[in-house]
**Student:** 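First the structure, then my questions, so here it is.
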Amino acid sequence: MTLGDKIRKYRLLHNKTQKQLGEEVGFKKSTADVRINQYETGKMAPKADIRLKIAEALDVDIEALSDTSITSLEDIMYILFELEEQLGMDVERKEGRTCLSFDNNNERIRALITYLNLWIDQKASLLPEGDDSTKEQKRNYSLWKSKFVSNTKEYFSSKDKELSQHYEPLMENIIDTHDFAKTTSDITILIRRIIESGLSVTTTFADNGNITGPGFTFIANELLDPPSPDAEMLFTRFLCETEHFKQLGAQTHTDMQMTGKELTVTYYISVASFNVIKSQIDDLLEHLSLANDPNDYSRDSFESMFKDSLETYCLDIEEEIKMASK
């Protein structure tokens, strides 16, 4: 679609005439419809400031009025080749369908995976399966797509605000008297206690230029409704520790994603040597997944190995952060 096609599409979705849109953008009544007609037919291209006013008048994201235009199947092929090269997209035949797919575990495209999952869920919510969609359902789906960027930002912002309102008062109550961890093994033990309290935890590792180091991922709604007061307090302690890392000079980063059906929040620590914590937690998670009801021998063997790891790879937190900051 050309830019003009997109302006016309969203104008009609909002049941506006060319004259109404032109007046809302700020054009004189006598020329309002002519100006919009010129944009829609491609006789003129709106400047950046006018394009922004059109997006605001149509209540769509500015990204919805992009200049991107696909005019042939060959255009599509070269876009797909770029997606393969830059984002690791794959093409495959699967159950009678030709599918384009991405690896959910590709750290570089976590945001894209989130967008795709939001798209899947919202489409399923707004449109019935098959070809039974009504005109109004199709209209609502198109309107949702037109504000995808702002709706996503608003959703993440609201969840981030909920988490802050929930945990900041708890942090304030203990941070002045909190005995901060001295070693990486102390943090591993804390995260293990969080897992044993009933909160779900997974790990990841970022190396994308902005941040390099391990990340620890939690389910947002579990944090907002923790399984017990103990789980809530342990996670509060974890937040105090990440704040302490920042005060010591470590770069930290918090990221919300939806790589499945659940909204997750990942806390990254830009200290590559802290990967020892990730490795120890990965060993713990693997042990728990393989042994729902382990016998005494397997349990004792793991605990012995885990203890040895904590003693062998016990790094001084302040020293590691100083080295990472150089």
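One is the number of the first residue; the rest follow in order along the sequence. Small disclaimer: the values here were computed from a predicted structure and weren't measured.
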**Student:** Give a yes or no on this: more than 12 heavy atoms of other residues, nucleotides or ligands lie within 6.0 Å of atom CG of Asp49.
**Tutor:**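 Enclosed: over 12 neighbouring heavy atoms sit under 6.0 Å from CG of Asp49.
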
**Student:** Could Asp282 and Lys278 be called an ion pair, given the rule that one side-chain N must be under 4.0 Å from one carboxylate O?
**Tutor:**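 Yes.
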
**Student:** What I want to check is whether the side chains of Ser157 and Asp160 have a donor and an acceptor closer together than 3.5 Å.
**Tutor:**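 Side chains of Ser157 and Asp160: no pair found under 3.5 Å.
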
**Student:** Taking it one step at a time, do Arg35 and Lys28 satisfy side chain to side chain contact (heavy atoms under 4.5 Å, CB included)?
**Tutor:** CA-CA 10 Å; Arg35 292 291 296 274; Lys28 295 178 181 179; over 6 Å; no

**Student:** What distance separates Tyr268 OH from Thr252 OG1, expressed to the nearest 0.5 Å?
**Tutor:**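 It is 12.5 Å, given to the nearest 0.5 Å.
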
**Student:** Could you tell me whether the side chain of Ser197 and the main chain of Ile194 form a donor-acceptor pair under 3.5 Å?
**Tutor:**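 Between the backbone of Ile194 and the side chain of Ser197 there is a qualifying donor-acceptor contact (under 3.5 Å).
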
**Student:** Do Thr184 and Gln280 have side chains that get closer than 4.5 Å, going by heavy atoms?
**Tutor:**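 Counting from C-beta outward, Thr184 and Gln280 never come under 4.5 Å.
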
**Student:** Tell me whether the rings of His244 and Phe180 are parallel (<30°), tilted (30 to 60°) or perpendicular (>60°).
**Tutor:**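 Rings of His244 and Phe180: parallel, under 30°.
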
**Student:** Could you check whether any side-chain heavy atom of Thr114 comes within less than 4.5 Å of a side-chain heavy atom of Arg110, counting everything from C-beta outward?
**Tutor:**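 No, their side chains stay 4.5 Å or more apart.
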
**Student:** Could you tell me whether Glu56 and Lys53 make a salt bridge, using a distance below 4.0 angstrom between a side-chain N and a carboxylate O?
**Tutor:**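 Lys53 and Glu56: not salt-bridged.
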
**Student:** Between the side chains of Glu303 and Arg192, is the shortest nitrogen-to-carboxylate-oxygen separation below 4.0 Å, so that they form an ion pair?
**Tutor:**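 Salt bridge flag = yes for Glu303 with Arg192.
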
**Student:** With a 4.5 Å heavy-atom cut-off, do Ile191 and Val201 have their side chains touching?
**Tutor:**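 When only atoms from C-beta onward are counted, Val201 and Ile191 do touch, with a gap below 4.5 Å.
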
**Student:** So, Lys6 versus Ser66: side-chain donor-acceptor pair below 3.5 Å or not?
**Tutor:**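 Yes, Ser66 and Lys6 have a side-chain donor paired with an acceptor closer than 3.5 Å.
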
**Student:** Between Asp5 and Thr2, does any side-chain donor sit less than 3.5 Å from a side-chain acceptor?
**Tutor:**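 Asp5 vs Thr2: donor-acceptor pair found between side chains.
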
**Student:** Evaluate the criterion side chain to side chain donor-acceptor pair (under 3.5 Å) for residue pair Ser298 and Asn295; output intermediate values, then yes/no.
**Tutor:** CA-CA 6 Å; Ser298 61; Asn295 58 41; 3.1 Å; yes

**Student:** Could you check whether any side-chain heavy atom of Phe27 comes within less than 4.5 Å of a side-chain heavy atom of Leu21, counting everything from C-beta outward?
**Tutor:**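 No, side chains not in contact.
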
**Student:** Tell me the closest heavy-atom pair linking Ala181 and Asp186, and the distance in Å.
**Tutor:**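 Result for this residue pair: CB-CB, 3.5 Å.
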
**Student:** I'd like to check Thr202 versus Thr264 (side-chain heavy atoms, cut-off strictly below 4.5 Å). Are they in contact?
**Tutor:**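 Heavy-atom side-chain distance check fails, nothing below 4.5 Å.
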
**Student:** What is the distance from atom CG of Leu116 to atom CG of Asp121, rounded to the nearest 0.5 Å?
**Tutor:**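 Reported value, rounded in 0.5 Å steps: 11.0 Å.
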
**Student:** Determine whether more than 12 heavy atoms belonging to other residues, nucleotides or ligands lie under 6.0 Å from atom CZ of Arg8.
**Tutor:**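 Open.
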
**Student:** What is the distance from atom CG of Leu285 to atom OG1 of Thr203, rounded to the nearest 0.5 Å?
**Tutor:**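 Rounded to the nearest 0.5 Å, the CG-OG1 separation comes out at 7.0 Å.
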
**Student:** Taking CE in Met1 as the centre, count heavy atoms belonging to other residues, nucleotides or ligands within less than 6.0 Å. Is the count above 12?
**Tutor:**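 It does: Met1 CE has more than 12 such atoms within range.
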
**Student:** Starting at CD of Gln38, measure out to CG of Asp33 and round the result to the nearest 0.5 Å.
**Tutor:**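 If I round to the nearest 0.5 Å, the distance is 10.0 Å.
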
**Student:** Are Ser101 and Asp90 close enough that a side-chain donor and a side-chain acceptor fall under 3.5 Å?
**Tutor:**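 The answer is no; no qualifying pair exists.
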
**Student:** According to a hydrophobic-cluster definition based on side-chain heavy atoms being under 4.5 Å apart (Ile, Leu, Val, Met, Phe, Trp, Tyr only), do Phe245 and Ile175 belong together?
**Tutor:**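 The answer is no; the residues belong to distinct hydrophobic clusters.
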
**Student:** Checking the side chain of Asp75 only, and the main-chain atoms of Ile70 only, is there a donor and an acceptor separated by less than 3.5 Å?
**Tutor:**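 It does not hold such a pair.
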
**Student:** Working to the nearest 0.5 angstrom, can you tell me the gap between Ser30 OG and Lys19 NZ?
**Tutor:**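 Separation between the atoms: 7.0 Å.
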
**Student:** Does any part of the side chain of Leu112, heavy atoms only, come nearer than 4.5 Å to the side chain of Arg108, both counted from C-beta?
**Tutor:**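 Contact flag for Arg108/Leu112 side chains = no.
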
**Student:** Evaluate side chain to side chain contact (heavy atoms under 4.5 Å, CB included) for Leu58 paired with Arg11, printing each intermediate quantity in order.
**Tutor:** CA-CA 6 Å; Leu58 292 174; Arg11 176 177 63 78; 4.1 Å; yes

**Student:** Determine whether Phe148 and Phe102 fall in the same hydrophobic cluster, where Ile, Leu, Val, Met, Phe, Trp and Tyr are linked whenever their side-chain heavy atoms lie under 4.5 Å apart.
**Tutor:**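 Shared cluster, yes.
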
**Student:** I need the single residue from Val265, Asn221, Leu223 that forms a side-chain contact (heavy atoms from CB on, under 4.5 Å) with Lys159. Which is it?
**Tutor:**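 Exactly one candidate clears the test, Asn221.
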
**Student:** In terms of the angle between their ring planes, are Phe235 and Phe238 parallel, tilted or perpendicular, with boundaries placed at 30° and 60°?
**Tutor:**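 The arrangement is parallel - the two ring planes meet at less than 30°.
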
**Student:** Closest approach of Gly198 and Glu222, non-hydrogen atoms and distance?
**Tutor:**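 Minimum heavy-atom contact is O-OE1, 4.2 Å.
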
**Student:** Tell me whether the count of non-hydrogen atoms from other residues, nucleotides or ligands lying under 6.0 Å of OH in Tyr115 goes above 12.
**Tutor:**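 Counting neighbours around OH of Tyr115, 12 or fewer heavy atoms of other residues, nucleotides or ligands fall under 6.0 Å, so no.
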
**Student:** Tell me whether Glu196 is salt-bridged to Arg193, with the criterion being a basic N under 4.0 Å from an acidic carboxylate O.
**Tutor:**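 Salt bridge: no.
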
**Student:** For Glu107 and Thr204, test the side chains for any donor-to-acceptor distance below 3.5 angstrom and give the result as yes or no.
**Tutor:**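 Their side chains do contain a donor-acceptor pair, which is all the 3.5 Å distance test asks for.
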
**Student:** Parallel, tilted or perpendicular, judged at 30° and 60°: which one describes the rings of His287 and Phe302?
**Tutor:**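 His287 and Phe302: parallel rings.
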
**Student:** Could you tell me whether the side chain of Thr212 reaches within less than 4.5 Å of the side chain of Phe205, counting heavy atoms only?
**Tutor:**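 Result yes, sub-4.5 Å side-chain heavy-atom pair found.
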
**Student:** Looking at CG of Asp255 and CZ of Phe156, how far apart are the two atoms once the value is rounded to the nearest 0.5 Å?
**Tutor:**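 Taking CG in Asp255 and CZ in Phe156, the distance rounds to 8.0 Å.
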
**Student:** Can you name the nearest heavy-atom pair linking Pro226 to Tyr167, along with the distance?
**Tutor:**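 Shortest heavy-atom contact: CG-OH, 4.2 Å.
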
**Student:** Do you reckon Met305 sits in the same ILVMFWY cluster as Leu310, going by side-chain contacts under 4.5 Å, direct or chained?
**Tutor:**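 Yes; tracing contacts between hydrophobic side chains, which count when under 4.5 Å, links both residues.
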
**Student:** Less than 4.0 angstrom from a charged side-chain N to a carboxylate O is my criterion; do Asp296 and Arg299 meet it?
**Tutor:**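 The answer is yes: the pair qualifies as a salt bridge.
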
**Student:** Quick check: does any side chain N or O of Thr312 sit under 3.5 Å from a backbone N or O of Asp308, one acting as donor and the other as acceptor?
**Tutor:**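 Side chain of Thr312 to backbone of Asp308: a pair is present.
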
**Student:** Identify whether Met256 and Ile120 are in the same connected component of the hydrophobic contact network (ILVMFWY, side-chain heavy atoms under 4.5 Å).
**Tutor:**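 Result: no, two separate clusters.
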
**Student:** Angle class for the Tyr78/Phe81 ring planes (parallel below 30°, perpendicular above 60°, tilted otherwise)?
**Tutor:**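 Rings of Tyr78 and Phe81: perpendicular, as their planes differ by over 60°.
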
**Student:** Kindly indicate, with the supporting measurements, whether the criterion side chain to side chain contact (heavy atoms under 4.5 Å, CB included) is fulfilled by Met323 and Asp316.
**Tutor:** CA-CA 11 Å; Met323 290 178 61; Asp316 183 279; over 6 Å; no

**Student:** Looking at every non-hydrogen atom in both residues, tell me the closest pair between Ser146 and Tyr10 and how far apart they are.
**Tutor:**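 Between these two residues, the closest heavy atoms are CB-CE2, 3.4 Å.
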
**Student:** Heavy atoms, side chains only, cut-off 4.5 Å: are Phe216 and Thr242 in contact?
**Tutor:**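 Heavy-atom side-chain distance check fails, nothing below 4.5 Å.
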
**Student:** Under 4.0 Å between a Lys/Arg side-chain N and an Asp/Glu carboxylate O for Asp67 and Arg51?
**Tutor:**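 Here Asp67 pairs with Arg51 in a salt bridge, since their nearest N and O are under 4.0 Å apart.
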
**Student:** Specify the closest pair of heavy atoms between Ser150 and Asp61, including all atoms of both residues, with the distance to one decimal.
**Tutor:**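 Minimum heavy-atom separation between Ser150 and Asp61: OG-OD1, 2.7 Å.
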
**Student:** Walk me through it: do Leu83 and Leu100 pass the test side chain to side chain contact (heavy atoms under 4.5 Å, CB included)?
**Tutor:** CA-CA 10 Å; Leu83 292 176; Leu100 304 175; over 6 Å; no

**Student:** Quick check on the hydrophobic clustering: are Ile219 and Tyr267 connected, directly or via other members, by side-chain heavy-atom contacts under 4.5 Å?
**Tutor:**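 Different clusters: Ile219 never reaches Tyr267 through Ile, Leu, Val, Met, Phe, Trp or Tyr contacts under 4.5 Å.
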
**Student:** Is the side chain of Ser279 donor-acceptor paired with the backbone N or O of Asn275 at a distance under 3.5 Å, no angle test?
**Tutor:**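 Side chain of Ser279 to backbone of Asn275, a donor-acceptor pair under 3.5 Å: no, none is there.
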
**Student:** Considering all heavy atoms of both residues, which atom of Leu3 and which atom of Leu65 are nearest to each other, and what is their separation?
**Tutor:**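 The pair with the smallest heavy-atom distance is CD1-O, 3.3 Å.
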
**Student:** Which one of Thr188, Leu315, Ile189, Leu190 satisfies the side-chain contact (heavy atoms from CB on, under 4.5 Å) criterion with Ile277?
**Tutor:**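 The option that passes is Thr188.
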
**Student:** Okay, side chain of Thr31, backbone of Val34: is any donor-acceptor separation there less than 3.5 Å?
**Tutor:**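 No, Thr31 side chain to Val34 backbone: no donor-acceptor pair under 3.5 Å.
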
